[in-house]
Visitor: 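Quick one: this structure, given as structure tokens, is what I'll be asking you about.
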Amino acid sequence: MSVKKIPAKRSPEEIRASRAILAVLLMGVMAAASWPQMRRPEGLPQSAHAEVDGLALTPPMGWYPWNMFGEEPQNEKLIKEIADALVASGMKDAGYAYVGPDEGVCFSRGKDGRLMTNLERYPSGLRGLGDIIHTKGLKYALYTDAGTKTCSGAMPGTKGREFEDMRSFAEWRADYIKIDWCSSEGQDIVQTYALLGKAQRAAGRPVVHSLCSWGDGYPWIWAGAIGHMWRTTADICGPGRADWARALRIAFANEKLAGFAGPGRWNDPDMMIVGMPGLSEAQNRSLFSLWCMMASPLIAGNDLRDMSRSTVGILTNLEAIAVDQDPLGAQGHVVWNDGNVSLWAGKPLFDGGQAVLVFYQGKYKADKKIYWEELGLQASDELYVRNLWTHETTGPHAGSVSVAVGPDDVAFLRLSKKSDFPIPPVLVADTYLVSLRSKGARPETLTGTVTVTNKGSSDLPPWRIDPESLPPWLKVAVAGSGKARTFVNTVSTAGLKKGAHHALVRADNIEPISGKPMSALYYDVDLEVARNVRR
Ligand code: GLA
């Protein structure tokens, strides 16, 4: 799709649009002027950290308890019930994977300085909870703080204990760690999070590092070299009830940071409020669409055990999720906004098309026209339009398309020269944990499998196992064809000593032209050897 200059003769809508663009640009300039530390701190790697570990190359998807539950109700029972609901509702099949406790008192610091599980709340231990989550084919998310205490004051922060704490998180088998910024007075934010990143790498277990400084320190400028996502704003709500006005302020602040996002480095406008008390169906749909349009991490924050059909439908709309998870990783942004209607674009997609969104804050149902030229396209382009909520394709349309929108609702569209709208790969695993047990002193061959299914409609390039992730006792072969792939793990116990053996296997899904991973997948192999085995 090529770009053409705006013609000299403009419709009133176009004039209004260009005024609005000017207003947005001015706001951008003002915002930039108020960032005193615009320069990127020295000493950080130029490339995104995700290029090394292959994690979060598309925005992470999952669930965290804080928005709905706050601190008190969080315990093992709740997290297990939510994990089950995540699977049963179809959310796992739509790509949601990271789940675990947020602030609710999970651990304390023992006399020896090490973190200890709060066994009253988490009787299986935080490691045990990780295993339960991995066995369901989900990934394990935990929470901590970069200062001396977490935000409620109830848990110890990592300050001064960065390396030990990240080792504990690795021992508990966390795959994602949200690191808050409370009780951090006097700490240098870049140095602190960089140190935590180092500590995570030293702990030897790749994790999605989610920085949570609510925009303090302008993390969008530097955090991609350290972690994978960073909060851009204050909390979206207090526990238990959605706040629509606050959510919109956050969306309109976050969209201005579009230029900083890309594969493996995401602006995080906070966990979603879809399905929480206080929002209408249209507002739920709009919030979800805005988050998808901004390539935001999709971390649900509602009670998954008690969802209306409509909430499930919104959270699992694969056509909307496909925009969020698009491998190009572009963050869409506002093209113009007249206070009543905003047009969002700037999100090219992997199939050559693009996503477009009209968000309507007026009082009465209205028809809105989108002109190709407002999107940087040629008026003569003939485009098919896919409505991602009604799931209808119309066209080809020349020059423009009209959409009907209701109050607080959106028209969320994909535009393409082709009439098919492929869904990029969406990966779902049957488990992330292979547990094997040898029975006796004789050599044995043990096998276990992990099956990964692509729920998208586009093919995945081939998988490759990272040989460096395999200890001598483990062999892995990728079997199967088509949309499901099985990693067959074979262990020959000959020569192994009694005890527990562990490997973290990395499988990369290689993009054929660049040779870079399109997504990396890690899973654990645990082997328990009952007696010394001689050759
Ligand atoms: C901060 C974070 C929230 C949540 C709470 C927990 O406010 O921004 O997302 O984690 O702390 O206390």
Side-chain angles (χ1 to χ4, degrees), residues 59-75 78-79 82 96 98-109 115 118 121-122 126 140-159 165 169 174-185 187 189 192-193 196 207-220 223 227-243 246-247 249-251 253-254 257 266-276 278 287 291 296-304:
M61 296 174 67
W63 179 89
Y64 249 131
W66 182 256
N67 282 3
M68 188 61 205
F69 295 100
E71 179 199 319
E72 256 328 290
Q74 289 187 45
N75 56 34
L78 173 75
I79 305 297
I82 292 283
Y96 295 83
Y98 296 100
V99 57
D102 190 287
E103 169 79 277
V105 195
C106 320
F107 50 77
S108 57
R109 197 173 296 289
L115 295 181
N118 174 348
R121 283 202 190 202
Y122 296 91
L126 286 175
Y140 191 27
L142 285 170
Y143 164 93
T144 187
D145 189 281
T148 50
K149 280 191 181 131
T150 57
C151 292
S152 70
M155 299 204 290
T158 51
K159 172 84 184 89
D165 285 6
F169 282 102
D175 305 298
Y176 176 117
I177 308 176
K178 170 175 166 185
I179 309 187
D180 226 329
W181 185 235
C182 281
S183 304
S184 59
E185 291 71 25
Q187 288 177 228
I189 191 165
T192 302
Y193 278 108
L196 284 160
V207 280
V208 173
H209 182 172
S210 157
L211 292 83
C212 181
S213 73
W214 332 290
D216 274 16
Y218 322 108
W220 42 88
H228 305 83
M229 55 191 268
W230 47 84
R231 282 276 296 281
T232 54
T233 63
D235 290 3
I236 196 164
C237 63
R241 198 167 174 82
D243 183 333
R246 215 201 288 188
R249 281 199 298 278
I250 285 180
N254 189 71
L257 302 171
W266 309 107
N267 289 312
D268 174 13
D270 204 358
M271 299 165 289
M272 296 186 289
I273 50 172
V274 173
M276 284 180 61
L287 190 121
W291 261 232
S296 308
L298 297 180
I299 310 293
N302 57 316
D303 186 348
L304 305 187

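All ligand and atom numbering here is 1-based and tracks the order in the structure. Reckoned from all heavy atoms, side chains included, excluding hydrogens, waters and symmetry mates.
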Visitor: What are the atoms of ligand 1, with element, lying closer than 4.0 Å to any heavy atom of M271?
Guide: 9 (O)
Visitor: Which of the numbered atoms in ligand 1 are under 4.0 angstrom from any heavy atom belonging to K178?
Guide: 3 (C), 4 (C), 9 (O), 10 (O)
Visitor: Using the test ring pair (Phe, Tyr, Trp, His ring centres under 6.0 Å), find all partners of Y176 that sit at least two apart in sequence or belong to another chain.
Guide: Y64, Y98
Visitor: Below a 4.0 angstrom heavy-atom separation, can you tell me which part of E71, side chain or backbone, both or neither, approaches ligand 1?
Guide: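 Near ligand 1, E71 shows nothing, with every heavy atom at 4.0 Å or more.
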Visitor: Give the atoms of ligand 1, by number and element, whose distance to some non-hydrogen atom of D180 is under 4.0 Å.
Guide: 1 (C), 2 (C), 5 (C), 10 (O), 11 (O)
Visitor: Taking distance alone, with N or O pairs closer than 3.5 Å, would you say E103 contacts ligand 1?
Guide: yes
Visitor: Between D145 and T148, which heavy-atom pair has the shortest distance, and what is it?
Guide: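 Residues D145 and T148, closest heavy atoms: OD1-N, 4.5 Å.
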Visitor: When you check the side-chain N and O atoms of T232 and N267, is any donor under 3.5 Å from an acceptor?
Guide: no
Visitor: Calculate, to the nearest 0.5 Å, the distance between atoms CD1 and NZ belonging to I299 and K178 respectively.
Guide: 9.0 Å
Visitor: Work out which heavy atom in T150 is nearest to a heavy atom in P156; give both atom names and the distance.
Guide: CG2-O, 4.2 Å
Visitor: Tell me the contacting part of Y64 for ligand 1: side chain, backbone, both, or neither, using a 4.0 Å heavy-atom threshold, strictly below.
Guide: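 None of Y64 does.
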Visitor: Go through the steps to decide whether T192 and S184 satisfy the test side-chain contact (heavy atoms from CB on, under 4.5 Å), and finish with yes or no.
Guide: CA-CA 9 Å; T192 302; S184 59; over 6 Å; no
Visitor: Starting from atom 5 (C) of ligand 1, which protein heavy atom do you reach first, and at what distance in Å?
Guide: W66 CE2, 3.6 Å
Visitor: Below 3.5 angstrom, do we get any N/O pair linking D235 and ligand 1?
Guide: yes
Visitor: Set out, in order, the CA-CA distance, both residues' side-chain angles and the distance that settles side-chain contact (heavy atoms from CB on, under 4.5 Å) for F107 and T144, then state yes or no.
Guide: CA-CA 10 Å; F107 50 77; T144 187; 4.1 Å; yes
Visitor: Which heavy atom of W63 sits nearest to which heavy atom of I79, and what is that distance?
Guide: CZ3-CD1, 4.1 Å
Visitor: Should you measure from each heavy atom of D102, which atoms of ligand 1 turn up under 4.0 Å away?
Guide: 4 (C), 6 (C), 10 (O)
Visitor: Could you see which bit of C212 sits under 4.0 Å from ligand 1, with heavy atoms only: side chain, backbone, both or neither?
Guide: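 The answer is the side chain of C212.
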Visitor: Just which atoms of ligand 1 are under 4.0 Å from any heavy atom in C151?
Guide: 1 (C), 11 (O), 12 (O)
